[in-house]
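Working notes, beginning with the structure itself.
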Amino acid sequence: MLLGDEAIAQAAIDAGMSGIYAYPGTPSTEITEYIMHSKEAKSGQIRAGWSTNEKTAMEAALGMSYAGKRTMVCMKHVGLNVAADAFINSAITGANGGLIVVSADDPSMHSSQNEQDSRVYGKFALIPVLEPTNQQDAYDMVHYGFDMSEKLGVPVLIRITTRLAHSRAGILRKPTRAQNELHLPVNPRQFILLPANARRQYKNLLNKQDEFEKYAFNSGFNVYTDSNDKSIGIITTGIAYNYLLENYPDRIVPFPVLKIAQYPIPHSMIEEIYNSCEKLLILEEGYPVVEESVKGFLNTGKTIHGRLDGTVPRDGELNPNIVAVALGLKNTRGKDIPSIVADRPPSLCKGCPHIYSYNALNEALESWSKGRVFSDIGCYTLGALEPFDAINSCVDMGASITMAKGAADAGLLPAVAVIGDSTFTHSGITGLIDCVKDNSKITIVILDNETTAMTGGQDSSAFGRIENICKGVGVKKEHIIVLDPSPKHHNENIAIMKKELMYEGVSVIIPRRECIQTALKHKKEHKRIEVVQMEN
Ligand SMILES: Cc1ncc(C[n+]2csc(CCOP(=O)(O)OP(=O)(O)O)c2C)c(N)n1
Ligand code: SF4
């Protein structure tokens with residue numbers, strides 16, 4: 001019984017993958033964690049670990065593919081924005097060893113800033129996309145994806161969504177196979193994207209598009225199931241297929257159904273269902289990608305229902321009930337939530353070091369008007385909520401420092417950036433270099449809880465090195481100040497913050513105390529080791 005994420009991870013191990021690169025992000029994190037904890041990774045047969053961000057992960061995976069080995073790179077959907085430069089260009093260089101990119105989308109934004117649909121990125125890069133319907137598909141598609149990547153010489157994108165990543169099913173495994181031997185690309189110039197080569201490589205990619213579609217037609221992942229009642233034809237993508245089946249107790253849908261799980265969409269399959277049915281209903285998790293493309297190439301006036309005409313809500317994830325309503329079936333929504341169940345907004349853990357940093361910062365800023373604290377993404381984003389009401393922005397990883405810089409350039413003084421230690425290395429450092437170059441008048445607070453807490457406590461790339469990094473990029477030594485964010489240092493911390501807020505240059509304050517949750521975990525591990533040692 002494996003989570004969708006775990007099924008992908010186990011498949012990668014079984015399929016002879018040599019290395020996985022990733023930056024954590026819900027709902028993709030468990031793929032890498034599963035492989036990191038595997039015996040293959042622990043014995044050094046598979047390279048597994050966290051990268052500093054999604055772009056470095058994507059590039060390292062491309063390097064491993066260049067060297068002829070199978071590799072995977074995993075991220076949440078917004079991570080693909082960070083990796084996009086390398087990702088799009090990897091379609092042009094092509095792959096040597098099998099290269100799979102897994103992007104985990106989060107429709108309904110359970111833990112994300114947006115609900116972008118990674119299938120669009122696949123189309124943009126012009127590479128094959130696989131979208132599992134269930135956990136077994138996810139497992140099988142990794143094997144298939146590595147083979148396709150090696151045969152066609154391109155990276156393959158696997159797009160999953162939250163419910164698939166985080167629900168379990170029984171998996172039938174395939175026999176394990178050996179890893180590839182080290183072998184360099186046959187064409188030694190394919191990875192050199194100088195214009196003359198890039199033009200050739202791009203034409204190669206364009207010439208492969210028909211073959212990609214043939215693969216999608218023949219793989220068996222896209223399935224057309226006919227039925228006598230042609231009053232409506234239903235197209236589903238990914239997990240939406242399950243939501244459709246759940247509406248029929250015997251799992252037999254009385255209408256023709258086209259299940260799409262591999263792209264580019266085979267046009268002939270779409271034409272078949274379109275031509276044989278009176279109208280279509282398109283059910284897809286995320287953007288109306290298939291709907292728009294069907295409307296685009298089969299615009300002969302038949303009704304096509306889906307997200308664009310409001311039959312299915314334009315935003316948010318699907319569920320069996322939304323599908324029931326779209327089909328005019330009985331509304332299967334359960335009972336209303338009883339009023340005794342109160343909404344519980346997320347909050348910082350009791351004793352979290354971020355609490356004391358915000359308490360001090362709020363007091364230090366009392367003599368200035370509100371609206372000058374640019375924050376970032378991590379547990380500390382909860383400083384936006386009551387009782388703190390301490391921050392004024394959260395846009396994308398790294399944006400705190402650069403937005404504060406822009407605001408300071410515009411004359412908002414003091415301008416403050418608040419960023420976590422992992423987010424700082426992910427994409428804050430480059431912004432800091434801009435600030436140093438311009439001697440921007442900003443105060444940067446790097447909340448160092450010595451972990452990547454929000455995604456479950458992964459190691460932070462700059463552990464023990466933040467001051468040196470700041471010094472190394474040119475922040476003046478006397479304006480790099482480490483604090484202990486605890487109540488007993490409250491007044492002292494306010495005084496230091498006030499002083500740095502007055503400084504007309506780049507100032508970095510580093511409140512440092514370990515996250516309560518990882519501290520507890522480390523304490524338990526320590527105890528366990530002591531018990532084992534005593535028993536021995
Ligand atoms: C581009 C991108 N990648 C990954 C994530 C997922 N994510 C959200 S916050 C975060 C890191 C938080 O770590 P840190 O900055 O140290 O703050 P903490 O949670 O420890 O307070 C990650 C990986 C994301 N939102 N965006
Ligand atoms: S997990 Fe750690 S950083 Fe996040 S709120 Fe809890 S104590 Fe704070």
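Counting starts at 1 for both ligands and their atoms, following the listed order.
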So, His490 versus Tyr356, ring centres under 6.0 angstrom or not?
no
Give a yes or no on whether Met109 atom CE has more than 12 heavy-atom contacts from other residues, nucleotides or ligands under 6.0 Å away.
yes
Test of proximity, Gly25 against ligand 1: N or O pairs below 3.5 Å:
no
Only protein N/O/S atoms count here: give how many lie under 2.8 Å from atom 8 (Fe) of ligand 2.
1
Using heavy atoms and a 4.0 Å limit, tell me yes or no: is His354 in contact with ligand 1?
yes
The single option from Asp396, Val78, Asp106, Asp105 passing side chain to side chain contact (heavy atoms under 4.5 Å, CB included) against Asn114:
Val78
For Tyr66, does the OH atom sit with more than 12 other heavy atoms under 6.0 Å from it, leaving out its own atoms?
no
Ring center gap for Tyr144 and Phe221 short of 6.0 angstrom:
yes
Return yes if a side-chain donor-acceptor contact under 3.5 Å exists between Gln10 and Tyr139, otherwise no.
no
Can you see whether Ser422 engages Ser460 through a side-chain donor-acceptor pair at a distance of less than 3.5 angstrom?
no
Any non-hydrogen atom of Glu54 lying under 4.0 Å from ligand 1?
yes
Side chain, backbone, both or neither: Met397 near ligand 1, heavy atoms under 4.0 Å
side chain
Any heavy atom of Pro24 closer to ligand 1 than 4.0 angstrom?
yes
